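In this text the structure is predicted, and so the values were computed from the model without any measurement. When reading the values below, keep in mind they use all heavy atoms of this one structure, side chains included, and skip hydrogens, waters and symmetry mates.
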Amino acid sequence: MNINKLLLTAMGSLLMSSSFAQSHQCGTDSYADLMKGRDSSLHQKEKDWNIFAKAFKNVDRRASKYIIPVVFHVIHTNGDGNISKEQIEDQIRVINEDFSLTNANKSGIRAPFINDATNMEIEFRLAKIDPSGNCTNGINRVFSPFTNNSSQSTEEIKSLDGVQWNYQQYLNIYVVNSIENSSGTGTTLGYATLPFGTSANRDGIVLRHDRLGTIGSAIGSGDGGRTLTHEIGHWLGLFHTFQGGCSGFGDGCDDTPPVLSTFTNAGCPSNGNSCNSDSPDRIDMWENYMDYSRGTCMAMFTNDQKTRVYSSLARSPRSNLYRSSNLIATGVQDGTGTPQAYFSSNQRIICTGSPVTFFDNSCKANVDSRIWTFEGGTPNGTTIESPAVIYNTPGKYAVKLQVTNSSGSTIANETEYITVIDAKGQAPKYFETFENVAGPDFKITPVFKTGSQWEENTSVGYKSQKCYQARVSSSTTMGTVYSIQLPPVNLKEMQGQQPRLSFFTSYAPHTSATNTETLKVLISTDCGHSFQPFIQRLGAGLAYLRAPQVENFVPTSDDQWKLINFSLTKFDSVESAIFRFDVETRGGNSVYIDDINIGRFASSTNDIPSLGMSIFPNPTESDVTIRLDKEQWIQSVIIRDCAGKIVDVQEVNTFSSSTQFKNKKNLKGLYLVSINTSLGKSTSSIIFE
């Protein structure tokens with residue numbers, strides 16, 4: 001078999017699973033073919049690299065271990081894929097044990113291979129300084145829908161802003177929800193780039209979040225965190241044990257017996273020997289991290305694999321990673337001088353009464369002492385490295401950290417760093433019209449402030465001239481996400497009343513039928529820590545009509561608005577429900593939203609005469625009193641002219657049987673007055689004289 005073909009086939013990735021059923025397929029071939037097609041020089045590069053690796057024998061040339069800075073780019077949409085710092089640190093623990101032969105399961109290595117097992121003398125550390133020279137915790141969180149079915153063909157995740165950290169300074173690990181499988185079957189768990197096939201825009205490792213470490217979203221995976229161990233083996237130049245089968249090239253290491261095929265050792269057979277072509281003939285080494293055996297069976301690298309890895313580290317682009325200057329530049333070794341204060345936390349949005357853990361991630365020099373200050377927290381200050389703080393009152397609070405050593409001190413002070421939400425939400429009736437926007441009517445919040453946000457539009461709206469707009473055009477970057485968030489709602493107060501979420505949208509397909517936006521509505525039941533989607537509309541499902549295809553669409557009439565109406569009954573036991581509206585762009589047209597309504601009835605059908613509404617005096621020259629037949633949550637009073645256009649809104653948000661409307665705009669003539677409550681909406685006429 002052609003050695004170049006074998007080498008190229010190995011590029012990229014291993015796929016492992018707890019059962020190692022053949023449904024878990026390798027995504028290497030398609031990725032390798034793409035790289036080779038894009039860069040014809042890879043033919044000679046792989047040949048030269050393999051010759052060098054076979055000739056390299058100076059394993060003991062270093063007096064100390066290799067240290068490699070690592071950054072995890074967590075690509076997520078605020079679901080399970082936004083994994084915790086603790087899960088990432090657990091994975092760091094696993095790979096450091098595996099590469100130092102301190103893994104607990106090494107005792108399971110069978111007698112024929114005990115002398116082959118080796119300490120690779122490599123340590124991986126989370127970076128503490130980013131490419132701009134700022135402190136980091138080694139975790140770069142990026143909100144993007146490209147985390148789902150991440151494409152190998154376009155590698156969109158590696159083109160996102162801020163994720164291409166210098167591959168000669170950092171090992172870049174991209175954590176995603178799922179990975180595209182070009183074969184159409186099976187599940188791809190990860191892939192890596194071999195040293196000879198790398199470049200500034202395609203280096204690193206891509207891995208599913210549910211295969212990272214052994215805790216959090218990886219619980220139940222069964223591979224013991226060995227997927228990344230294996231992928232790092234590829235990234236450092238190792239092939240599979242079964243490379244080429246019994247008679248092919250193999251993995252290029254003399255002390256790893258050949259293996260027949262991918263899943264030969266899936267069951268870790270005690271004396272399985274799939275090949276007799278080696279001399280002396282040895283049983284299969286399913287203990288090897290580069291096999292496809294179960295992660296709990298994997299336990300070792302070999303001496304020859306160590307030689308091959310060291311040959312990769314001796315050459316560019318890997319040769320700069322472990323140099324002292326780079327270790328100081330990336331912060332994994334302390335420099336001299338004054339430390340730069342920096343901190344992070346395990347959560348930034350919490351419920352009242354919940355704890356937050358803070359981490360001192362200061363960098364550039366050692367820290368001798370520190371002082372924390374927590375506005376609104378208990379305790380409100382401490383000197384320990386990673387304190388746990390409880391917040392009991394809703395609001396947004398500042399956090400300050402001062403760090404000191406003999407050279408001096410610095411302070412990191414973040415205002416509104418922690419958002420505390422009442423564990424019980426507000427009244428369960430909202431009616432947001434955007435008409436009183438000096439800010440949004442009731443605290444709608446843009447939640448991803450990266451330059452792409454929903455914005456107030458004061459020219460168009462449904463039966464009004466105001467709405468919110470996710471501004472999109474053909475020049476908008478593909479995959480941009482616009483997101484707004486409602487304040488928490490106590491749906492439990494409507495239990496058994498069949499609450500609904502409804503709103504109006506306006507959208508038209510772009511002249512390019514493929515450029516269609518997606519609108520998602522997500523709900524959080526844990527005070528904004530995580531969100532799950534429950535409504536999704538795209539293309540014709542979002543547009544008011546299927547046919548129109550225009551560019552730079554702006555609605556010009558009420559019939560260009562579409563009602564979206566959804567039951568919240570399955571959430572009516574939630575005391576603090578937070579709704580988020582996301583628009584995922586594809587370079588098409590803007591999405592407009594108006595009249596967001598949470599209550600018993602949809603926005604267009606919630607007039608309930610049985611509320612017993614009465615207005616007096618009527619006619620009136622100024623203010624009026626509006627009475628209902630019983631106490632209930634009164635959300636707002638809305639005044640429309642006879643054409644249905646909203647001319648004034650008064651927010652109330654109180655539990656009562658009456659309220660006042662103040663005619664601050666000195667309205668004159670006949671109008672319609674609507675009162676919105678937790679039971680619905682009632683409308684009547686009024687004359688201002």
Side-chain angles (χ1 to χ4, degrees), residues 74-82 141-148 177 347-351 394 396 416 418-423 425-426 428-432 434 437 439-456 467-472 479-491 499-505 507 517-538 542 564-568 570-572 574-585 590-599 603:
V74 180
I75 318 299
H76 69 97
T77 53
N78 260 10
D80 293 341
N82 192 16
R141 300 184 187 275
V142 179
F143 186 91
S144 172
F146 291 149
T147 186
N148 299 310
N177 285 354
Q347 297 184 75
R348 293 190 61 177
I349 302 175
I350 59 165
C351 291
K396 293 186 177 183
E416 297 188 349
I418 293 293
T419 298
V420 184
I421 296 172
D422 197 331
Q426 302 176 22
K429 177 71 174 81
Y430 282 165
F431 186 57
E432 171 60 273
F434 304 104
V437 187
D441 281 6
F442 41 81
K443 300 178 183 178
I444 283 183
T445 306
V447 292
F448 300 109
K449 299 180 180 179
T450 57
S452 300
Q453 300 179 29
W454 290 81
E455 58 188 54
E456 177 191 359
C467 69
Y468 250 29
Q469 175 185 2
R471 191 177 295 278
V472 184
T480 300
V481 176
Y482 297 75
S483 187
I484 52 173
Q485 184 171 297
L486 303 185
V489 184
N490 189 347
L491 293 177
R500 309 191 71 80
L501 168 66
S502 62
F503 52 93
F504 282 90
T505 64
Y507 174 77
E517 276 52 56
T518 299
L519 172 67
K520 292 182 180 179
V521 182
L522 305 94
I523 185 171
S524 172
T525 59
D526 56 6
C527 289
H529 181 61
S530 62
F531 285 83
Q532 300 298 326
F534 73 99
I535 299 177
Q536 177 171 306
R537 297 288 186 272
L538 71 160
L542 176 60
I564 296 179
N565 179 22
F566 202 86
S567 171
L568 298 177
K570 65 179 179 180
F571 303 116
D572 69 2
V574 178
E575 290 187 306
S576 185
I578 301 175
F579 295 93
R580 200 180 81 207
F581 292 75
D582 287 358
V583 167
E584 297 177 4
T585 70
S590 291
V591 177
Y592 303 83
I593 190 169
D594 205 353
D595 283 14
I596 302 173
N597 187 24
I598 301 173
S603 295

For this session: List the steps and the verdict of side-chain contact (heavy atoms from CB on, under 4.5 Å) for Ile598 and Leu491.
Result: CA-CA 9 Å; Ile598 301 173; Leu491 293 177; 4.1 Å; yes
Problem set entry | Nearest-0.5 Å distance, OG1 of residue Thr505 to CD1 of residue Ile564 | 4.0 Å
Problem set entry | From CA spacing to verdict: side-chain contact (heavy atoms from CB on, under 4.5 Å), Tyr507, Val583 | CA-CA 12 Å; Tyr507 174 77; Val583 167; over 6 Å; no
Exercise. Does Gln536 have any side chain to side chain contact (heavy atoms under 4.5 Å, CB included) partners at least two apart in sequence or in another chain, and if so, which?
Worked result: Thr518, Lys520, Leu538
Exercise. Going by the angle between their ring planes, with limits at 30° and 60°, are Phe534 and Phe571 parallel, tilted or perpendicular?
Worked result: perpendicular
Problem set entry | Heavy-atom side-chain proximity of Ile535 to Leu501 below 4.5 angstrom | yes
Exercise. When rounded to the nearest 0.5 angstrom, what distance separates OG1 in Thr525 from CZ in Phe531?
Worked result: 9.5 Å
Exercise. If you take all heavy atoms of Pro488 and Ser576, which pair is closest and at what distance?
Worked result: CB-OG, 3.3 Å
Exercise. Donor-acceptor pair, Thr147 side chain versus Ile75 backbone, under 3.5 Å?
Worked result: yes
For this session: Mind listing the closest non-hydrogen atom pair of Glu517 and Val472 along with its distance?
Result: OE2-CG1, 3.7 Å
For this session: State which residue, out of Ile596, Ile484, Leu486, fulfils the side-chain contact (heavy atoms from CB on, under 4.5 Å) condition with Phe579.
Result: Leu486
Problem set entry | Closest non-hydrogen atom pair between Ile578 and Cys527, with its separation | CD1-C, 3.7 Å
Seminar exercise, completed: Output for pair (Asn148 CG, Glu584 CD), nearest 0.5 Å, gives 7.5 Å
Exercise. Which heavy atom in Ser524 sits nearest to a heavy atom in Gly528, and how many Å separate them?
Worked result: OG-N, 2.7 Å
For this session: Look up atom NE2 in His76 and atom CG in Asn177, then write down how far apart they are to the nearest 0.5 Å.
Result: 10.0 Å
For this session: Evaluate the criterion side-chain contact (heavy atoms from CB on, under 4.5 Å) for residue pair Phe143 and Thr77; output intermediate values, then yes/no.
Result: CA-CA 5 Å; Phe143 186 91; Thr77 53; 4.1 Å; yes
For this session: Looking only at non-hydrogen atoms, find the nearest pair between Asp80 and Gln532 and report the distance.
Result: OD1-NE2, 4.2 Å
Problem set entry | For Arg500 against Asn565, the heavy-atom pair lying closest together | NE-OD1, 2.9 Å
Exercise. Are Tyr468 and Phe581 close enough, and set up right, to give a ring pair (Phe, Tyr, Trp, His ring centres under 6.0 Å), and what steps lead you there?
Worked result: CA-CA 11 Å; Tyr468 250 29; Phe581 292 75; over 10 Å; no
Problem set entry | Steps toward side-chain contact (heavy atoms from CB on, under 4.5 Å) verdict (Tyr482, Val591) | CA-CA 10 Å; Tyr482 297 75; Val591 177; over 6 Å; no
Problem set entry | Beyond-backbone contact of Leu522 with Pro533, side-chain heavy atoms, under 4.5 angstrom | yes
